[in-house]
Amino acid sequence: MGDDTPKRHFIQQIIDADVASGKWGAPGDGSVLATRFPPEPNGFLHVGHAKSICMNHGLAREFGGRFVLRFDDTNPAKEEQRYVDSIVRDVAWLGARWEGASEGDPTAGVKFASDYFGQMHDWAVELIEKGLAYVDEQSADEIRATRGSLKEPGTPSPWRDRPVAENLAEFEAMRRGEHADGSRVLRAKIDMASPNMNLRDPVMYRVVNAPHHRTGDAWHIYPMYDWAHGLEDSIEGITHSICTLEFEDHRPLYDWFIDAINKGRADADKIHHPQQIEFARLNPTYIITSKRKLLQLVEDGRVSGWDDPRMPTVSGLRRRGYTSESVRNFVVGVGVTKFNAMHDLGLLEGALREDLNTRAPRRMGVLDPLKVTITNWGAHGDEERLEDLEAVNNPEDDSAGTRTVRFGKTIWIERDDFMEDPPKKFFRLGPGREVRLRSAFWVTCHDSVKNDAGEVVELRCTYDPDTRGGGNPPPDAHGKVRKVKGTVHWVGDADCVDAEVRLFERLFTAEKPGKATGDPLDDLNPDSLAVVEHAKLERALAEPTPDEPDWPDGIRRFQFERLGYFCEDAEASRAAGRPVFNRAVTLRDSWAKEAKKG
RNA sequence: GGGGGGAUAGUGUAAUUGGUAGCACGACAGAUUCUGAUUCUGUUAGUCUGAGUUCAAGUCUCAGUCCCCCUACCA
């Protein structure tokens, strides 16, 4: 305590003890550790999966062990190749390198449960032969009805005690596709009276006469999760099979199946028995992670797709401008426990700001442009004159260098940065007030021009040539130095590009979407997307410049000074034929807080 | 009238397994600042309840309370 020993979460502590005792190999040899990420290819990955990926991969890396990426593709009805492709891409983007990964081939080394169907089938036959499994001909409804309830035991199936030979023959018929979907299942013979529902003769195989995205029509039976999962782990030599809390009740079954296979075998022939460990899933505020609800958002057109920048999907976060580093920092910061927590979404946003603050080049952009005419510019007949000024790219990183911004008679500032009748604490432009234009000059507002509707459409200001570069002017005759309270961003009219900027807010207005009515969609934020059609950005933003960092994912990210962090939406830019930027997150804004107080 | 898990400042997470309850985020106040950003400093606030064991309990015992999960041929 008080020292800098790293905090070890409970799973690390379990592994520490296992490595020390040599549970899986020689004592002290961490290379025997093996973890896995086992997604079902039936949807897109979201932040919650990111936690699992980072933890499993991080553990393997920390101990020098193995990390396996394995698809749990045991249900052909719901699974598709396109999900495999997106998941592989997302896992790689998050920075997790799985065993067998290679630069050239995205799916190199990726494992599939379907590759083990043959082995699983043989083991199932073994259980039948041991009298530990039987083919049940009851319908799904009958099975459900006879399973009992939480407080009452179930009743045994009439098929429970049929002869081994018959079971073998029936199972073989199922496999060959001689039975209709739903007509038969293979069940483990455990205990219909168990207080743990999972042990009431769970289904191991069901008949599905449908093509599988990888095995085609080779199979007519498909294994259930409980039967398959531990076997997949066993085959791959997984030592610590880490899953979420709701599988705690399944652990006895996980162990039962492996023990059943090992029953009667000599020690040398026993299959590997991994340890299942459960942890609490990630549960950020203002977010939903239900695949069903996420799908509904997409299908109802509430968002533009799975990768809409407002979506909590990995692809959404990526398009929003999140870095994989920030996502990783967020999930490790949240910790690993068995407590059902609520994670403040502000932590995710903060992780992004923290990362981008040090890395993102600064640029200037005006979202809601207000014209400013410098009335004393060109007082000697050179009104067209433009002046190049040097602006620092990143005050947090000297190596980021500087760039040139071009100043002239007409410039644009943010409409918010002017008030006709400003309160005392407003440090920006107002009648008679002086501010600094970032990296440029100090200007004083003398006059504003209104349109017929009474809206201010132009500011007429003078500039002070002695403040070139933005620095303080020389002291006056009495040695007094003029001060200015505020600095505002701007773009020069002669040196800006027209762009579309998309501003995102949280997708939901409630901390726990759906808490009030049961339907998260009732808490949708109607203002989660605001499109700025005509922002004016400094020219450097239009095309990549050599002074920009090499982002590993190729996504250009910037801080628009005083506004927030933005990334280029390359796809949308191409489609629009002009730059399109997405706002990832705003800067912290203590003025907005102050202004709200009144 | 079942089974499985969990409870430490507002939020999240530690506490050498019985020995000074710490960290991060937030909030608040101040300093610095060519971004009302960043950075820095300070303040704030906690062991679910009640008994018990002990010199000493977040930690051990007992009894409660509250929360989450479990009745798919999904994973």
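Labels below follow one simple rule: chain letters A, B, ... track the order of the sequence lines, proteins then strands, and each chain is numbered from 1.
Within the cation-pi definition used here (under 6.0 Å to the ring centroid, within 45° of the axis), A:Arg506 qualifies as a partner of A:Tyr286.
Counting non-hydrogen atoms under 4.0 angstrom, A:Gly471 reaches a base of the nucleic acid. The residue A:Arg438 sits close to a base: some heavy atom pair falls under 4.0 Å. Counting non-hydrogen atoms under 4.0 angstrom, A:Leu587 reaches a base of the nucleic acid. Contacts of A:Glu248 with the nucleic acid, taken as non-hydrogen atoms under 4.0 Å apart, involve only primed sugar atoms and P, OP1 or OP2.
Checked by distance alone, A:Arg428 brings a side-chain donor or acceptor within 3.5 Å of a matching partner on the base of B:G36. On a pure distance criterion of 3.5 Å, a polar donor-acceptor pair joins the side chain of A:Gln559 and the base of B:U35.
As rounded to the nearest Å, B:U17 and B:U54 have P atoms that lie 23 Å from one another. Comparing the C1' positions of B:G4 and B:G10 gives an interatomic distance of 30 Å, to the nearest angstrom. Atom name C1', nucleotides B:G52 and B:U43: the rounded distance is 38 Å, in whole Å. Taking the P atom of each, B:A14 and B:C60 are spaced 16 Å apart, rounded to whole Å.
Note on ring orientation: taking the six-membered ring where Trp is involved, the planes of A:Tyr463 and A:Phe441 are perpendicular (angle over 60°, cut-offs 30° and 60°).
For the OP1/OP2 pair of B:A37 and a distance below 4.0 Å, the side-chain nitrogens and oxygens of A:Ser590 include at least one atom meeting the criterion. Remark: A:Arg588 is in phosphate contact with B:U38, judged by side-chain N or O atoms under 4.0 Å from OP1 or OP2. Considering only side-chain N and O atoms, A:Lys338 lies nowhere under 4.0 angstrom from the phosphate OP1 or OP2 of B:A7. Taking side-chain N and O atoms only, A:Gln13 has a distance below 4.0 Å to OP1 or OP2 of B:A15.
With rounding to whole Å, A:Lys515 atom NZ is found 11 Å from B:C67 atom P. Counting to the nearest Å, the P atom of B:G12 and the NZ atom of A:Lys7 are 16 Å from each other.
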Checklist outcome for this item: Pairing string of RNA chain B (Watson-Crick or G-U wobble, both atom distances under 3.5 Å; | = paired to other strand) is .((((((..((((.....[..))))((((((.......))))))...(((((..]....))))))))))).....
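Taking syn as a glycosidic angle within 90° of 0, B:U17 qualifies as syn.
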Item to check | Letter per nucleotide, 5' to 3', of nucleotides 68-75 of chain B [B base touched, S only sugar-phosphate touched, - untouched; heavy atoms, 4.0 Å] | outcome: SBBBSBSB
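Between the side chains of A:Asp181 and A:Asn209, at least one donor N or O sits under 3.5 Å from an acceptor N or O.
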